[in-house]
Protein chains: 2
Amino acid sequence: MKGCADNLKDQEPSKNEYLCVHEDVVDKVTAAMPPDEILYDLAELFKIFGDTTRIKILYALFESELCVGDIAQLLGLTQTAVSHQLRVLKVNKLVKFRKEGKIVFYSLADDHVRRIINQGMEHVEE
Amino acid sequence: MKGCADNLKDQEPSKNEYLCVHEDVVDKVTAAMPPDEILYDLAELFKIFGDTTRIKILYALFESELCVGDIAQLLGLTQTAVSHQLRVLKVNKLVKFRKEGKIVFYSLADDHVRRIINQGMEHVEE
DNA sequence: CTTTCATATGAATATCTGTTCATATGATAT
DNA sequence: ATATCATATGAACAGATATTCATATGAAAG
């Protein structure tokens, strides 16, 4: 059967030992890859959703705007923990907020957040 | 202006100190929350997408099925690193594979993966 | 059946990340 | 002004995780 060690022509002397590489396919795929920076940002975005606390916060905000204390009570977390995570969500523009006296009300920044979570939900509910 | 310390009726003596809580809203939102297990699974799903290496692998598989060596070459990673991440993707059913002799070809498991990544992309490209 | 190739796995390490504790800020009453 | 309330922030610690190194598996070729 066809092996792969024939393709050892112009292999770069990288840290990689000699690999099984189908050059034509690799070249085609390389051309179609988005720039590294985009893929990095994409991973960073998903990383934010990839935490139980933050997902719960976001999901709670699906229903209604909430203040920090509401969220803490709702999810059984400390005020500090919630505040820290809200900061992450805020910095990454996934939530917005308005102030009313001492109280700060948070809500979802836009509909992208909803759509991303819903798309994930479809995969989980199977 | 309206504060929040009036709502100190039946506060559970939890680890939380006394919080600003709007009970009515919290009750409504609590009722609408999916079970914890679902939200945990959802976070776990996004966590998988939340890594540059894995996102790159998945994106590469958008175009074509690839063997381990192809992916390593394409992304400038070691065979071992790729293999470890493919294992994660395989266990979580985001990729499938077929064997041809010693070579193992990986591909996307289903269209959910595409849709989730594309949805994230829309948010990043702004 | 021994060697080589392609991939997989295990242990160790270093980095990253989330929570807690203590404290700071900023706003509103008294 | 001062006390209290709601939230924010900083440092420290613990747990999770991705890469590397060394080695194992499993398939084909000689």
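First the proteins, then the strands, lettered A, B, ... as listed; each starts at 1.
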remark   = What residues 54-68 of chain B contributes to the DNA chain C interface at heavy-atom separation below 4.0 Å is B/Cys67, B/Val68
In whole Å, I'd like the distance from the [atom1] atom of [X] to the [atom2] atom of [N].
{"X": "B/Gln73", "N": "C/dT7", "atom1": "CD", "atom2": "C1'", "value": "16 Å"}
{"X": "B/Phe97", "N": "C/dT7", "atom1": "CZ", "atom2": "P", "value": "13 Å"}
{"X": "A/Leu89", "N": "D/dA8", "atom1": "CG", "atom2": "P", "value": "12 Å"}
{"X": "B/Ile71", "N": "C/dA8", "atom1": "CD1", "atom2": "C1'", "value": "14 Å"}
{"X": "B/Lys102", "N": "D/dA27", "atom1": "NZ", "atom2": "P", "value": "12 Å"}
{"X": "B/Ile103", "N": "C/dC5", "atom1": "CD1", "atom2": "C1'", "value": "9 Å"}
{"X": "B/Glu100", "N": "C/dA6", "atom1": "CD", "atom2": "P", "value": "13 Å"}
{"X": "A/Lys99", "N": "C/dT28", "atom1": "NZ", "atom2": "C1'", "value": "14 Å"}

task = Could I get the full list of side-chain contact (heavy atoms from CB on, under 4.5 Å) partners for B/Ser83, not counting sequence neighbours?
result = B/Gln79
Test side-chain contact (heavy atoms from CB on, under 4.5 Å) applied to B/Lys96 - qualifying residues, sequence neighbours left out = B/Ser107
task = Enter the distance from B/Leu89:CG to B/Leu58:CG here, rounded to the nearest 0.5 Å.
result = 5.0 Å
query = Under 4.0 angstrom, heavy atoms only, what part of the nucleic acid is B/Tyr106 near: base, sugar-phosphate, or nothing?
reply = sugar-phosphate
Taking only nitrogen or oxygen atoms into account, show me every contact under 3.5 Å that the protein makes with nucleotides 9-15 of chain C, one pair per line with its distance.
residue : atom : partner : partner atom : Å
C/dG10  : O6   : B/His84 : NE2          : 2.9

inquiry  = Closest approach to the side chain of B/Thr53, judged atom by atom: which nucleotide of D/dT19, C/dT19, C/dG26 is it?
reply    = D/dT19
remark   = Among C/dT20, D/dT19, D/dT20, the one nearest any side-chain atom of B/Thr78 is D/dT20
ask   = Taking DNA chain D as the partner, which of residues 41-51 of chain B come within under 4.0 angstrom of it by heavy atom?
value = B/Lys47, B/Asp51
Donor-acceptor pairs are to be reported for all side-chain atoms of residues 116-126 of chain B against protein atoms at under 3.5 Å, with residues two or more places apart or in another chain.
residue  : atom : partner  : partner atom : Å
B/Asn118 : ND2  : B/Arg114 : O            : 3.2
B/Glu126 : OE2  : A/His112 : NE2          : 2.9

Would you tabulate the side-chain donor-acceptor contacts of residues 25-45 of chain B under 3.5 Å, counting partners in other chains and residues two or more places apart, or write 'none'?
residue : atom : partner : partner atom : Å
B/Thr30 : OG1  : B/Val26 : O            : 2.6
B/Asp36 : OD2  : A/Lys56 : NZ           : 3.1
B/Glu44 : OE2  : B/Lys47 : NZ           : 3.1

key: Pairs involving residues 73-83 of chain A, ordered by first then second residue, that meet salt bridge (charged side-chain N to carboxylate O under 4.0 Å, His left out) (sequence neighbours left out)   = none
ask   = Which residue pairs satisfy the salt bridge (charged side-chain N to carboxylate O under 4.0 Å, His left out) criterion with at least one member in residues 84-93 of chain A, sequence neighbours excluded?
value = none
inquiry  = Please enumerate all residues that pass ring pair (Phe, Tyr, Trp, His ring centres under 6.0 Å) together with B/Phe62, with sequence neighbours excluded.
reply    = B/Tyr59
inquiry  = Strictly by side-chain hydrogen bond (donor to acceptor under 3.5 Å, both in side chains), give each pair with a member in residues 62-71 of chain B just once, sequence neighbours left out.
reply    = A/His22-B/Asp70, B/Glu65-B/Arg98
task = Please examine the side chains of A/Ile71 and A/Leu77, heavy atoms only from C-beta on, and report whether any two atoms are closer than 4.5 Å.
result = no
ask   = With a 4.5 Å limit on heavy-atom distance, are the side chains of B/Ile57 and B/Leu61 in contact?
value = yes
request  = Could you name each residue pair satisfying ring-ring contact (aromatic ring centres under 6.0 Å, His included) that touches residues 69-96 of chain A, not counting sequence neighbours?
outcome  = none
request  = Could you tell me whether the phosphate oxygens of D/dT19, OP1 or OP2, come under 4.0 Å of any side-chain nitrogen or oxygen in B/Gln85?
outcome  = yes
